[in-house]
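Below is one structure, written out as structure tokens; the observations come after it.
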Amino acid sequence: MSKVILFTLLVGFAAAIPSRPVLKPIFPENAPRSTKTSRIIDGWPASAGQFPHQVRLLSRISSSKTSLCGASIISETFVLTAAHCVRGFDTFDLGFGSINVNAPIFSITSQKKIEHSGYNPTNLNNDIALVELPAALQWSKLVSPVQLPSYTQASQSFLNRQATVSGFGLTSDSSGASDRLMYVNVRVIGNSECSAYYGTEIVKGFTLCSRGWDHNRQQTCQGDSGGPLVTFDETIGDNIIIGVVSFVSSNGCEAGDPAGYVRVSSYLDWIHKNTGIQIRP
């Protein structure tokens with residue numbers, strides 16, 4: 001089994017798994033670094049407007065130091081991210097509309113966060129949070145919200161579905177954050193396969209896990225925490241967000257171990273209660 005790492009960065013068929021020691025899950029930002037280079041692993045550069053919901057979230061540590069995460073626009077005044085991206089921080093600089101991490105189309109500073117009351121940094125449960133914006137966003141081709149799952153989809157596992165994760169994080173276990181927004185396709189795996197790596201204290205019903213679509217090394221990494229995992233919903237003809245980047249294996253981003261996400265469909269009532277967003281039936 002695999003250990004887990006949380007992912008912030010200071011700037012249908014479950015495969016049979018042999019018995020192994022449980023891995024420690026960690027936030028992506030704490031993943032071990034190798035002698036190579038780091039961000040979305042084995043992914044591709046995004047084009048302008050490809051992920052208009054993507055937000056660059058910088059949590060201020062000091063006047064000269066920030067922690068990099070991702071987030072997703074879900075309404076005119078709220079973005080969705082990971083709880084570990086906001087825990088211990090009070091000021092957030094959010095960049096919108098750009099595939100260049102250093103050149104957002106515009107930025108907004110917020111000091112209002114809503115961290116899930118059940119967040120547990122020890123077992124990574126309920127690693128989900130909201131940041132409220134002081135002013136409403138205006139929609140454009142470069143800035144628009146991602147759709148939330150419907151209540152009907154709350155019971156879906158999305159097993160074996162192709163999904164896409166995006167972020168400005170590392171592209172390998174040894175590089176710095178990416179200047180360019182990157183993305184990679186992954187396959188949603190069953191929780192039983194994932195818990196064989198991380199254990200059932202980490203992998204709960206509200207956890208979603210993935211492995212690379214083409215090969216297992218395709219992965220999230222440091223700086224991708226809080227970012228969106230989306231899949232195409234044929235019923236509405238658009239992407240829906242099914243995961244929030246939460247953790248990777250302590251073996252490193254390139255180890256090929258599963259990545260962990262918060263399962264957004266498990267938190268629809270919580271999102272509605274705290275944002276007023278109407279959830280589709």
Side-chain angles (χ1 to χ4, degrees), residues 1-7 12-17 19-20 22-28 72 74 80-85 87 114-130 146-165 186-211 219-220 224-231 233 239-250 257-275 277 279-281:
M1 296 187 175
S2 298
K3 302 179 180 178
V4 179
I5 302 179
L6 297 177
F7 266 168
F13 50 84
I17 306 285
S19 178
R20 57 167 64 96
V22 176
L23 292 176
K24 179 182 179 182
I26 58 175
F27 298 122
S72 304
I74 58 170
L80 185 67
T81 189
H84 78 264
C85 288
R87 169 66 63 95
I114 303 173
E115 181 183 313
H116 195 286
S117 60
Y119 170 53
N120 185 334
T122 301
N123 60 16
L124 318 187
N125 290 176
N126 302 305
D127 186 17
I128 191 169
L130 297 157
V146 65
Q147 294 290 319
L148 293 166
S150 66
Y151 278 124
T152 301
Q153 294 168 316
S155 60
Q156 292 186 20
S157 68
F158 299 103
L159 181 65
N160 295 324
R161 285 285 293 271
Q162 184 181 84
T164 303
V165 60
V186 297
R187 175 176 62 88
V188 177
I189 64 172
N191 280 17
S192 58
E193 179 179 347
C194 193
S195 62
Y197 284 83
Y198 301 114
T200 55
E201 286 302 306
I202 300 295
V203 181
K204 302 286 190 179
F206 43 71
T207 307
L208 183 149
C209 295
S210 76
R211 307 192 82 156
Q219 186 67 278
T220 51
D224 295 323
S225 283
L229 176 72
V230 302
T231 192
D233 183 345
N239 284 327
I240 59 171
I241 181 169
I242 60 172
V244 173
V245 178
S246 180
F247 64 83
V248 292
S249 168
S250 59
D257 297 331
Y261 308 79
V262 176
R263 187 181 293 272
V264 174
S265 58
S266 296
Y267 294 88
L268 296 177
D269 285 339
W270 179 83
I271 292 171
H272 169 69
K273 178 181 177 181
N274 286 284
T275 67
I277 295 173
I279 307 299
R280 291 177 294 121

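The chain is numbered in sequence order, starting from 1. All figures in this text were calculated on a predicted structure; none of them were measured in a lab.
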Closest heavy-atom contact between [X] and [Y]?
X	Y	answer
Val203	Tyr198	CG2-CB, 4.0 Å
Asp224	Val245	O-CB, 3.4 Å
Gln162	Thr231	O-OG1, 2.8 Å
Cys209	Gly260	SG-CA, 4.3 Å
Pro121	Leu124	O-CD2, 3.4 Å
Arg87	Tyr119	NH2-CD2, 3.2 Å

Are [X] and [Y] packed together at the side-chain level, in the sense that at least one heavy-atom pair is separated by less than 4.5 angstrom?
X	Y	result
Leu80	Leu130	yes
Phe206	Ile128	no
Gln153	Asp233	yes
Ile241	Tyr261	no
Pro149	Leu268	yes
Val165	Ser210	no
Gln147	Asn239	no
Ile74	Val146	yes

Output yes when a side-chain donor or acceptor of [X] lies under 3.5 Å from a complementary backbone atom of [Y], and no otherwise.
X	Y	value
Arg263	Lys204	no
Thr81	Ala129	no
His272	Ile277	yes

Nearest-0.5 Å distance that lies between atom [atom1] in [X] and atom [atom2] in [Y]:
X	Y	atom1	atom2	value
Phe247	Asn123	CZ	CG	10.5 Å
Ile114	Thr275	CD1	OG1	8.0 Å
Thr207	Ile202	OG1	CD1	8.0 Å

Inset, instruction - Could you check Val262, Leu229, Leu208, Asp127 and say which one makes a side chain to side chain contact (heavy atoms under 4.5 Å, CB included) with Val244? - result: Val262
Legend entry - Glu201, CD atom: more than 12 neighbouring heavy atoms under 6.0 Å: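 Counting other residues, nucleotides and ligands, CD of Glu201 stays at 12 neighbours or fewer.
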Inset, instruction - Apply side chain to side chain contact (heavy atoms under 4.5 Å, CB included) to Ile240 and Arg280, showing your working. - result: CA-CA 12 Å; Ile240 59 171; Arg280 291 177 294 121; 3.8 Å; yes
